[in-house]
Amino acid sequence: MKNIQVPRGTRDVLPPEVYKWNYVEALFRHICEKFGYKEIRTPIFEHTELFHRGVGETTDIVQKEMYSFKDNGDREITLKPEGTSPVVRSFIENKLYADTQPTKLYYITPCFRYERPQAGRLRAFHQFGVEVFGTSNPAVDAETIGLAMAFYKSLDIKNLELRINSVGCPECRRKYNDTLRNYLSTRVDRLCKTCQDRYERNPMRIIDCKVESCKKEIADIPLMLDHVCEDCRNDFEGLKENLTLMEIPYQVDPTIVRGLDYYTKTAFEIISHEIGAQGTVCGGGRYDGLIECLGGPATPGVGFAMGVERLLLTLQNNNIEIPKPKGIDIFIATIGENASKEAVKLLHKLRLEGIAADKDHMNRSLKAQFKYADKLHAAYTIVIGDDELDKDSVQLKNMETGQQEEIKLSTILELMKSKIK
RNA sequence: GUGGCUGUAGUCAAGCGGUUAAGACACAGGAUUGUGGCUCCUGCAUUCGUGGGUUCAAUUCCCAUCAGCCACCCCA
């Protein structure tokens, strides 16, 4: 029979890998809690309309990347392609705005996007994210960046680059787009094909074109950052000031344009140069219009998302080791039927006391049982045979030093309890 | 969605038209009496992602398909 494999762009996380996931998840939770953020969990699927409104009709995500389907009750359902919209939906639905503000939330969630898979880009992937609702103070934008940087720092990741920009508010962006179209209108036909397409769809993207002829053509293109209104400019200055207060180095990069429609003002990216073309390890910014757009009261918001797979890739490419889980406390090797039965009794008692213990179930020879104990990284091993049962006496072997001491079998439980403390 | 590279055991791989498909690691067993890690020995692919085609003959050539990687695109 033919094997069934995982769908394209998905993968299994197997035991030799999963401890790393547990580690970074625990660390992320820990850091978030220290920063005063609370965990929120939302469903893996939502009504499709949430993403149409929350992410934006014009985005690639909505236009071609969503896993959407009709359920048996004829509802239009979509597997979440990102984490922010569901959290905003929940904030509104559960009236969290009625609580003390700001609302500071974090989440760990799988996301789904139908894209061409590549290193650091999967169809089923995972995000860590935070959102803060209820304040437009740029100090909070800086705080979320500080949280991300603190997280990376505690993993000892270096060589990350923080790039910040302001994409303005709806008013200054509209004016800017007019300025941009005006500037470009005389040169469109000299731009590359993709840029001509961008001119229609999202003229801001032309700024970051890599084609030489385009670069030349747009050398003095007006930048958003130079055309933001007074208010947006002040907030951007506030952001920079707060980053400086926290001693977080940054680069202003006027070419950062977030792909999701809802961003306003602050946009930022944290980039790793070691993991290939998909180097954005964290991306986020402010989205002051989103909550209202999804039917909530006018409430400002800011947040970020980081890709867990990309994080793990970065760790790997920087040779950063995650502490390996330790082995079992004791292995019980047996010779003969009676001993094996006795071991089952003892094993369960040990386990009930919180001692990590195991025995062989493959009818291995004594020698092979020791090899197995070694593989399980057992701290101690005892051998039970008929003699030991008769005399109530076993050799307790320390697997690291190889030393054995003779002990009473009946006292092993108390002894192990004291040993693992 | 576009272009390019790749696909041989659990893993990394050699072979690139011709009877039994190297090697390493991993895994399993053993090296006389009931003790692991080192060493040594033994075993482990009727088959080369899948399906077609060319040929007397294909893992080796061609096509398709699937999957992985890389770049674009996009983004976390």
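Residue numbering restarts at 1 for every chain, and letters A, B, ... go by the order of the sequence lines.
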Electrostatic pair [X]-[Y], nearest N-O below 4.0 angstrom:
X: A:Glu171; Y: A:Arg173; result: no
X: A:Glu115; Y: A:Arg123; result: no
X: A:Arg351; Y: A:Glu353; result: no

Would A:Glu247 and A:Thr244 count as a side chain to side chain donor-acceptor pair (under 3.5 Å) if you check the C-alpha gap in whole Å, the side-chain angles of each, and the deciding distance to 0.1 Å? CA-CA 5 Å; A:Glu247 297 176 43; A:Thr244 306; over 6 Å; no
Strand-adjacent residues in residues 307-328 of chain A, judged by heavy atoms under 4.0 Å from RNA chain B: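 Here the set is A:Gly307, A:Arg310.
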Would A:Arg41 pass as a cation-pi partner of A:Tyr107, given that its NZ or CZ must be under 6.0 Å from the six-membered ring centre and within 45 degrees of the axis?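 No.
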Could you check whether atom NE2 of A:His273 has more than 12 heavy atoms from other residues, nucleotides or ligands sitting under 6.0 Å from it?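 Buried by this count: over 12 neighbours within 6.0 Å.
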Please give, in whole Å, the distance from [N] [atom2] to [X] [atom1]?
X: A:Glu274; N: B:rC70; atom1: CD; atom2: C1'; value: 18 Å
X: A:Leu389; N: B:rG34; atom1: CG; atom2: P; value: 16 Å
X: A:Leu122; N: B:rC69; atom1: CG; atom2: P; value: 7 Å
X: A:Glu65; N: B:rC74; atom1: CD; atom2: P; value: 10 Å
X: A:Gln5; N: B:rA67; atom1: CD; atom2: C1'; value: 7 Å
X: A:His126; N: B:rC75; atom1: NE2; atom2: C1'; value: 17 Å
X: A:Leu366; N: B:rG29; atom1: CG; atom2: C1'; value: 15 Å
X: A:Arg11; N: B:rC69; atom1: CZ; atom2: C1'; value: 11 Å

Counting side-chain heavy atoms from C-beta on, which of [options] comes nearest to [X]?
X: A:Asp387; options: B:rG34, B:rG36, B:rA28; answer: B:rG34
X: A:Glu115; options: B:rG36, B:rA76, B:rG1; answer: B:rA76
X: A:Asp60; options: B:rA76, B:rC74, B:rG36; answer: B:rC74
X: A:Pro117; options: B:rU35, B:rG68, B:rA76; answer: B:rG68

Along RNA chain B (nearest heavy atom to each residue), the more 5'-positioned of A:Gly284 and A:Ala378: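 Mapping each residue to its closest nucleotide by heavy atoms, the 5'-most match is A:Ala378.
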On RNA chain B, nearest-nucleotide positions of A:Arg121 versus A:Cys282: which is more 5'?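 This one resolves to A:Arg121.
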So which protein N/O to nucleotides 8-12 of chain B N/O distances come out below 3.5 Å?
none

Suppose you measure atom [atom1] in [N] against the same atom in [M]; what distance do you get, rounded to whole Å?
N: B:rA57; M: B:rU46; atom1: P; answer: 24 Å
N: B:rC63; M: B:rA26; atom1: P; answer: 40 Å
N: B:rG52; M: B:rG43; atom1: P; answer: 35 Å

Categorize [X] for me: base, sugar-phosphate, or nothing, with a 4.0 angstrom heavy-atom threshold over every strand shown.
X: A:Gly9; answer: sugar-phosphate
X: A:Ala305; answer: sugar-phosphate
X: A:Thr381; answer: nothing
X: A:Gly120; answer: base

Let's test your reading of the model: under 3.5 Å, does the base of [N] pair with the side chain of [X] as donor and acceptor?
X: A:Glu400; N: B:rG37; result: no
X: A:Gln404; N: B:rU35; result: yes
X: A:Asp374; N: B:rG37; result: no
X: A:Lys397; N: B:rU35; result: yes

For the side-chain contact (heavy atoms from CB on, under 4.5 Å) test, which of A:Leu312, A:Leu311, A:Ile108, A:Ile322 pairs with A:Trp21?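 Checked A:Leu312, A:Leu311, A:Ile108, A:Ile322 against A:Trp21; only one passes side-chain contact (heavy atoms from CB on, under 4.5 Å): A:Leu312.
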Under 3.5 Å, is there a donor on one side chain and an acceptor on the other for [X] and [Y]?
X: A:Glu143; Y: A:Tyr37; answer: yes
X: A:Thr135; Y: A:Asn137; answer: no
X: A:Glu131; Y: A:Thr84; answer: yes

Could you tell me whether the side-chain ring of A:Phe125 sits stacked on the base of B:rA76, using a centroid cut-off under 5.5 Å and a plane angle under 30°?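 It does: the two rings, one from A:Phe125 and one from B:rA76, meet the stacking criterion.
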Runs of at least three consecutive pairs that involve RNA chain B, where pairs are Watson-Crick or G-U with distances under 3.5 Å: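 If one scans RNA chain B for consecutive Watson-Crick or G-U pairs, the stems found are B:1-7 with B:66-72, B:10-12 with B:23-25, B:27-31 with B:39-43, B:49-53 with B:61-65.
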On the 0 to 90° scale, with breaks at 30° and 60°, tag the A:Tyr176-A:His227 ring pair as parallel, tilted or perpendicular.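 A:Tyr176 and A:His227: tilted rings.
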Taking only side-chain nitrogens and oxygens of [X], does any of them come within less than 4.0 Å of OP1 or OP2 of [N]?
X: A:Gln118; N: B:rA71; answer: yes
X: A:Lys375; N: B:rC27; answer: yes
X: A:Arg8; N: B:rG68; answer: yes

Please tell me if the side chains of A:Gln395 and A:Glu405 come closer than 4.5 Å, counting only heavy atoms from C-beta onward.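 No, every pair of side-chain atoms sits at 4.5 Å or beyond.
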Evaluate the side chain to side chain donor-acceptor pair (under 3.5 Å) criterion for residues A:Thr109 and A:Lys80: first the C-alpha distance (whole Å), next the side-chain angles of each, then the deciding distance (0.1 Å), finally the verdict. CA-CA 9 Å; A:Thr109 185; A:Lys80 63 164 93 160; 2.7 Å; yes
Would you say the rings of A:Tyr380 and A:Phe331 are close, in the sense that their centroids are separated by under 6.0 Å?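 Between A:Tyr380 and A:Phe331, which both carry aromatic rings, the centre distance is not below 6.0 Å.
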